[in-house]
Amino acid sequence: MNNINNLEKSKNAHSYRKVALAACFGTFLEWYDFLTFATLAVAFSPLFFPSSDPSTGLLASLATFGVGMVVRPIGAAFFGSLGDRIGRKPVFIVTITIMGLATVCVGFLPTYAQIGIWAPILLVFLRLLQGLSAGGEIGGSAVYLTEHAGSKNRGFKTSFLQLMGPLGILFSTLQIALLRNYLTPEEFQSWGWRVPFWVSIVLLAIAFKARMSLEETPVYLELMNKNQRSESPLLENFKDPKTRKHMFLLFFCVSAGGAILFFCIQVYSSIYLKTSTKIPAEVVDQLSIYGTISLLFFTVFAGWLSDKIGRKPVVASGLVLGAALILPAFELLNAIGNNASNQNNSNYLLALILIGLSAILGLVVGPQTALLAELFPAKSRNSAATLPHNLAAGWVGGLLPLIVTLINREYENPTAGLWYPTAFLICAAVTALIYLPETRKVNLNI
């Protein structure tokens, strides 16, 4: 009997690892494709948005990045509802294909100098496709993985999905750093920036094959067997007071708080250091890599910790620390980065600050995958989780680099715009402390 039980446990563990690898690799591709654009925002501006004022070109490039984020909720509403009606797996295949093809096409786009105004128009169109795809993928993948994870150590096992964003940035940043190292500035600006987009075709082929081998989640199969699938999941979500409340809490606390911290620390910090300090772009890319690598550890640790002490205290502590430390941290980055007296010591200090910020981010995103699924009932879980999550990531987090840059420009102060994320994090922290429920022992089959 013990041998049979051990064999069953081994089989289940192997099955989950297979599911996790396939789901995570697909999400890695989504993040890699989606965030390569942000990493290259500074390089894009003169190629697609030429202007006599460099800051105007950068704003236009950031606005194009923001467009992809704005349409994410539309993709979330459509694909999330579809996932509740026809299953999680078919939606995964469609979203990964759209994202991969749109990204590869960016790598072949002619520039403004070659086709004029059509260059930024086509870039925005492809960015819209990326945003719609990401809306269906990011959030839906959290539900898929959590429904496969079982009840034991759910926070730890699902926290690995949150590594895909940092790994996507890391892979993209490493490529760009290598390209900058081996190519002249002229070569990089001419064709080198296209290489990370061309690489997507290889990643897409691998991800597509992995996704085709995935199985439907046991929770969804049970809904099918009992004929309990929802025909209008979005409508039912907004009619149910408890689901509506949890959607707001997910949007305002968990997803918006995590998105603000993510885009401040993983996206905007790189743009900020490249444009507001005297640090060379290749050094900034190296510093970003240190922060990203540390985030991998902090994320898994926070997921494990949330299994021990609960999701709420871990997430709330990250929001509180973020609200208190984001602005002072960026002030320090600015002061140290513009102090060229001892650049080596300055780089060590900058790396430590970025690692410290990554620890704060890890506290919020580590338990996030499990929370997304645990907050909602099974029959409408996919749509209930993906819409508020992508609304927060798209409209609050995704527009953050643009809004912060606009405020900085208006007040002619490189950190003035950071009052916006600080104020939001204060409100999110207070709301989480008072209203966010504890969910680590929730039964996902209900």
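- Between C264 and V404 there is no side-chain heavy-atom pair separated by less than 4.5 Å.
- Scanning all heavy atoms of the two residues, the minimum distance from A134 to N390 falls at O-OD1, 3.6 Å.
- For T146, the side-chain hydrogen bond (donor to acceptor under 3.5 Å, both in side chains) criterion is met by no residue, not counting sequence neighbours.
- Put simply, the side chain of S172 never gets that close to the backbone of G168: no donor and acceptor are under 3.5 Å apart.
- For S190 (side chain) and E187 (main-chain N/O), no donor-acceptor pair under 3.5 Å exists by modelled atom type.
- Atom CG of L349 and atom CG of L333 lie 10.0 Å apart (nearest 0.5 Å).
- Between L261 and G318, the closest heavy-atom pair is CD1-O, 4.1 Å.
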Enumerate donor-acceptor pairs with a distance under 3.5 Å from any side-chain N or O in residues 320-330 to protein atoms, sequence neighbours excluded.
none

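- Sorted by first and then second residue, the salt bridge (Lys or Arg N to Asp or Glu O under 4.0 Å) pairs with a member in residues 290-308 read D307-R311; sequence neighbours excluded.
- Shown here are the ring-ring contact (aromatic ring centres under 6.0 Å, His included) partners of F48, two or more places apart in sequence or in another chain: F44, W193.
- Using cut-offs of 30° and 60° for the angle between ring planes, the F171 and F28 rings count as tilted.
- With S306 contributing its side chain and G303 its backbone, the two residues share a donor-acceptor pair below 3.5 Å.
- Residue pairs meeting the salt bridge (Lys or Arg N to Asp or Glu O under 4.0 Å) criterion with at least one member in residues 251-276, sequence neighbours excluded: K274-D285.
- Residues forming a side-chain hydrogen bond (donor to acceptor under 3.5 Å, both in side chains) with S358 (at least two apart in sequence, or on another chain): none.
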Side chain to side chain contact (heavy atoms under 4.5 Å, CB included) between V396 and F251, intermediate numbers included: CA-CA 10 Å; V396 179; F251 166 80; 4.0 Å; yes
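- No side-chain donor-acceptor contact under 3.5 Å links S200 to the backbone of G100.
- Considering only heavy atoms from C-beta on, Y32 comes within 4.5 Å of P196 through its side chain.
- To the nearest 0.5 Å, the span separating CG on L167 from CG on L296 amounts to 5.0 Å.
- With sequence neighbours excluded, no residue forms a side-chain hydrogen bond (donor to acceptor under 3.5 Å, both in side chains) with T431.
- Checked against ring-ring contact (aromatic ring centres under 6.0 Å, His included), F188 has no partners two or more places apart in sequence or in another chain.
- For H148, the ring-ring contact (aromatic ring centres under 6.0 Å, His included) partners at least two apart in sequence or on another chain are Y144.
- In this structure, the separation between OG on S288 and CG on L354 is 6.5 Å, given to the nearest 0.5 Å.
- With a 4.5 Å cut-off on side-chain heavy atoms, W419 and I407 do not count as touching.
- The CZ atom of F262 sits 9.0 Å away from the CD atom of Q162 when rounded to the nearest 0.5 Å.
- Using bins of under 30°, 30° to 60° and over 60° for the plane-to-plane angle, the ring pair Y420/F424 lands in the perpendicular bin.
- Between S141 and M164, the closest side-chain pair of non-hydrogen atoms is not below 4.5 Å.
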message: I'd like to know whether L361 forms a side chain to side chain contact (heavy atoms under 4.5 Å, CB included) with L357, so could you lay out the CA-CA distance, the side-chain angles of the two residues, the decisive distance to 0.1 Å, and finally the verdict.
response: CA-CA 6 Å; L361 173 59; L357 290 173; over 6 Å; no
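- When every heavy atom of L295 is checked against every heavy atom of G362, the shortest pair comes out as CD1-N, 3.7 Å.
- Smallest separation of non-hydrogen atoms from L249 and P437: CD1-CD, 3.9 Å.
- Here the side chain of T439 pairs no donor or acceptor atom with the backbone of V442 at under 3.5 angstrom.
- F263 places none of its side-chain heavy atoms less than 4.5 Å from the side chain of P421.
- Side-chain contact between Q368 and L372 is present, with heavy atoms from C-beta onward closer than 4.5 Å.
- Annotation: salt bridge (Lys or Arg N to Asp or Glu O under 4.0 Å) contacts involving residues 429-446, sequence neighbours excluded, are absent.
- Looking at every heavy atom in both residues, L250 comes nearest to A385 through CD2-O, 3.6 Å.
- Y290 is linked by a ring-ring contact (aromatic ring centres under 6.0 Å, His included) to nothing, counting only residues two or more places apart in sequence or in another chain.
- Taking CZ from F78 and OG1 from T386, the interatomic distance works out to 12.0 Å, rounded to the nearest 0.5 Å.
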task: Please assess S383 against N237 for the test side-chain hydrogen bond (donor to acceptor under 3.5 Å, both in side chains), listing each intermediate value before the final yes or no.
output: CA-CA 8 Å; S383 53; N237 291 337; 3.0 Å; yes
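- Y268 meets the side-chain hydrogen bond (donor to acceptor under 3.5 Å, both in side chains) test with N408; sequence neighbours excluded.
- Side-chain atoms of R180 do not come within 3.5 Å of backbone N or O of G192 as any donor-acceptor pair.
- Just one of I93, T95, V94 meets the side-chain contact (heavy atoms from CB on, under 4.5 Å) condition when paired with V91; it is T95.
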message: Applying side chain to side chain contact (heavy atoms under 4.5 Å, CB included) to K242 and K245, what does each step give before you reach the verdict?
response: CA-CA 5 Å; K242 183 178 179 181; K245 175 186 175 183; 5.8 Å; no
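- Without hydrogens or angle criteria, R72 side chain to G135 main chain gives no donor-acceptor distance under 3.5 Å.
- Nearest heavy-atom pair across A384 and T243 is CB-CG2, 4.2 Å.
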field: Derivation and outcome, side chain to side chain contact (heavy atoms under 4.5 Å, CB included), residues F298 and I360
entry: CA-CA 8 Å; F298 292 128; I360 295 172; over 6 Å; no
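- Interatomic distance, I98 CD1 to L204 CG, rounded to the nearest 0.5 Å: 11.5 Å.
- Side-chain atoms of S269 come within 3.5 Å of backbone N or O of I265 as a donor-acceptor pair.
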